[in-house]
2 protein chains.
Amino acid sequence: MKEKLTCECTVIHEDVIKAVQTKLPKNDEISKVSDLFKVLGDKTRLKIISALLKAEMCVCDISCLLNMSQSLISHQLRVLRNARLVKFRRDGKVVYYSLNDEHIEIIVQYGLEHINESGEVDETN
Amino acid sequence: MKEKLTCECTVIHEDVIKAVQTKLPKNDEISKVSDLFKVLGDKTRLKIISALLKAEMCVCDISCLLNMSQSLISHQLRVLRNARLVKFRRDGKVVYYSLNDEHIEIIVQYGLEHINESGEVDETN
DNA sequence: ACCTCATATGAATAATTGTTCATATGTTTA
DNA sequence: TAAACATATGAACAATTATTCATATGAGGT
């Protein structure tokens with residue numbers, strides 16, 4: 001007879017569960033990684049990142065390039081800064097942003113490969 | 001004299017903007033990639049993915065393992081299915097899920113490396 | 001000291017997304 | 001065919017997040 005765990009359903013493969021249980025990333029690692037992907041999972045921010053992959057740019061440049069308000073770009077740059085994806089330097093009134101991490105290019109690159117290989121994402125829920 | 005573009009601010013580096021402009025990914029590529037990261041940018045889904053990295057599992061297994069309701073797991077598996085991150089096979093009443101794509105492991109791996117190297121994410125807005 | 005310009009930010013609103021609850025579907029077994 | 005169980009799903013609600021608008025900050029030039 002199978003025993004119940006904390007969930008509402010009968011455990012089907014307790015051995016598998018036990019084996020996997022010990023190998024799961026820690027909760028706070030999961031948190032951090034999902035926060036990272038959350039930051040990458042936004043069109044505006046991904047456009048900013050794509051731009052910064054090509055060149056260091058100031059807020060105004062990015063705003064012009066993407067045709068989005070300065071305020072929006074500034075807000076999103078803050079999110080990118082908090083996630084340590086971008087760094088900045090100040091030169092007089094102008095603040096220049098650039099990417100902070102080589103991983104980002106690779107991650108975004110893999111993302112592109114994935115979508116190019118696996119075809120359309122099914123948007124119908 | 002500098003000319004105005006569609007944005008509200010004076011263009012500071014028109015040359016940079018023009019150079020970058022041609023190299024940006026297409027809008028629909030940006031959309032698809034950000035959709036992918038959006039899917040990865042959720043703790044529950046990332047836990048499911050982490051589990052499936054280790055073994056094929058049925059819905060009930062995952063639900064038990066993560067101590068989350070069957071309904072929640074099922075909903076999130078649908079999101080993962082729509083994004084083609086997981087595949088499934090049915091065996092009687094039981095539906096087994098597994099990862100659909102080798103990229104995912106690499107992307108998640110890079111995510112982990114990023115967060116381990118760049119220290120804490122600043123949560124203070 | 002004042003004006004201008006680049007950037008940042010708080011607060012309000014709009015939009016999206018995650019979770020729960022109730023229930024439906026589909027398969028197996030009695 | 002009825003009961004039992006695994007999974008799926010619609011609708012409501014809760015929570016989070018993106019965007020806008022108004023305004024603040026901070027630096028440079030006059």
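No hydrogens, no waters, no symmetry mates; every other heavy atom, side chains included, goes into these values. If you're wondering where the values come from, they're calculated on a predicted model, not measured in any experiment. Lettering follows sequence order; numbering is per chain, from 1.
Distance from the side chain of A:His75 is smallest to D:dT20 among D:dT20, C:dT27, D:dA27. The side chain of A:Ser74 lies closest to C:dT9 when the candidates are C:dT9, D:dT7, D:dA18. Taking every side-chain heavy atom of B:Val59 into account, D:dA8 is the closest of D:dA8, D:dT19, C:dG26. Nearest nucleotide to the side chain of A:Ile12, out of D:dA6, C:dC5, D:dG10: D:dA6. Each of C:dA6, C:dC21, D:dT7 was ranked by its minimum atom distance to the side chain of B:Val95; first place goes to D:dT7.
In this structure, CG of A:Leu40 is placed 14 Å from P of D:dT17, rounded to the nearest angstrom. Rounded to a whole Å, the CD1 atom of A:Ile73 is 10 Å from the P atom of D:dT20. In this structure, OH of A:Tyr96 is placed 13 Å from C1' of C:dT7, rounded to the nearest angstrom. Rounded to whole Å, atom C1' of D:dA18 lies 12 Å from atom CD1 of A:Ile48. Atom P of nucleotide D:dA15 and atom CG of B:Leu72 are separated by 15 Å, given to the nearest angstrom. Taking atom CD on B:Gln76 and atom C1' on D:dT7, their separation rounds to 15 Å, with Å as the unit. When the C1' atom of D:dA8 is taken as reference, atom CG of B:Leu80 falls 15 Å away, rounded to whole Å. Atom-to-atom, CG of A:Asn82 to P of D:dT17 comes out at 13 Å; the value is rounded to the nearest Å.
One distance of note links CD of B:Gln109 with CG of B:Leu112; it measures 5.5 Å at 0.5 Å rounding. With values rounded to the nearest 0.5 angstrom, B:Leu53 atom CG is found 5.0 Å from B:Glu105 atom CD. Within the model, atoms CD1 of B:Ile104 and CG of B:Leu40 stand 5.5 Å from one another, a figure rounded to the nearest 0.5 Å.
Phosphate contact (OP1/OP2 of D:dT7, side-chain N/O of B:Arg78, threshold under 4.0 Å): absent. When the side-chain nitrogen and oxygen atoms of A:Lys38 are compared with OP1 and OP2 of D:dT17, one or more of them lie within a distance under 4.0 Å. The side chain of A:Thr44 contributes an N or O atom lying less than 4.0 Å from OP1 or OP2 of D:dT19. Between A:Gln70 and C:dA6 there is no side-chain N or O to OP1 or OP2 distance below 4.0 Å. In this structure, B:Arg90 does not reach the D:dA6 phosphate: none of its side-chain N or O atoms is under 4.0 Å from OP1 or OP2.
Within the nucleic acid shown, B:Tyr97 comes within 4.0 Å of sugar-phosphate atoms alone, with no base atom in reach, counting heavy atoms only.
Nearest heavy-atom pair, A:Leu46 versus B:Ile30, reported as atom, atom and distance to 0.1 Å: CD2-O, 3.7 Å. Across A:Leu36 and A:Ile107, no two heavy atoms sit closer than the pair CD2-CD1, 4.3 Å. When all heavy atoms of A:Ser63 and A:Gln70 are compared, the pair lying nearest together is OG-N, 3.6 Å.
A:Ser69 contributes no side-chain N or O that forms a donor-acceptor pair with the base of D:dT19 under 3.5 Å.
In this structure, A:Asp42 and A:Asp91 both approach DNA chain D, and ranking their closest nucleotides by distance from the 5' end singles out A:Asp42.
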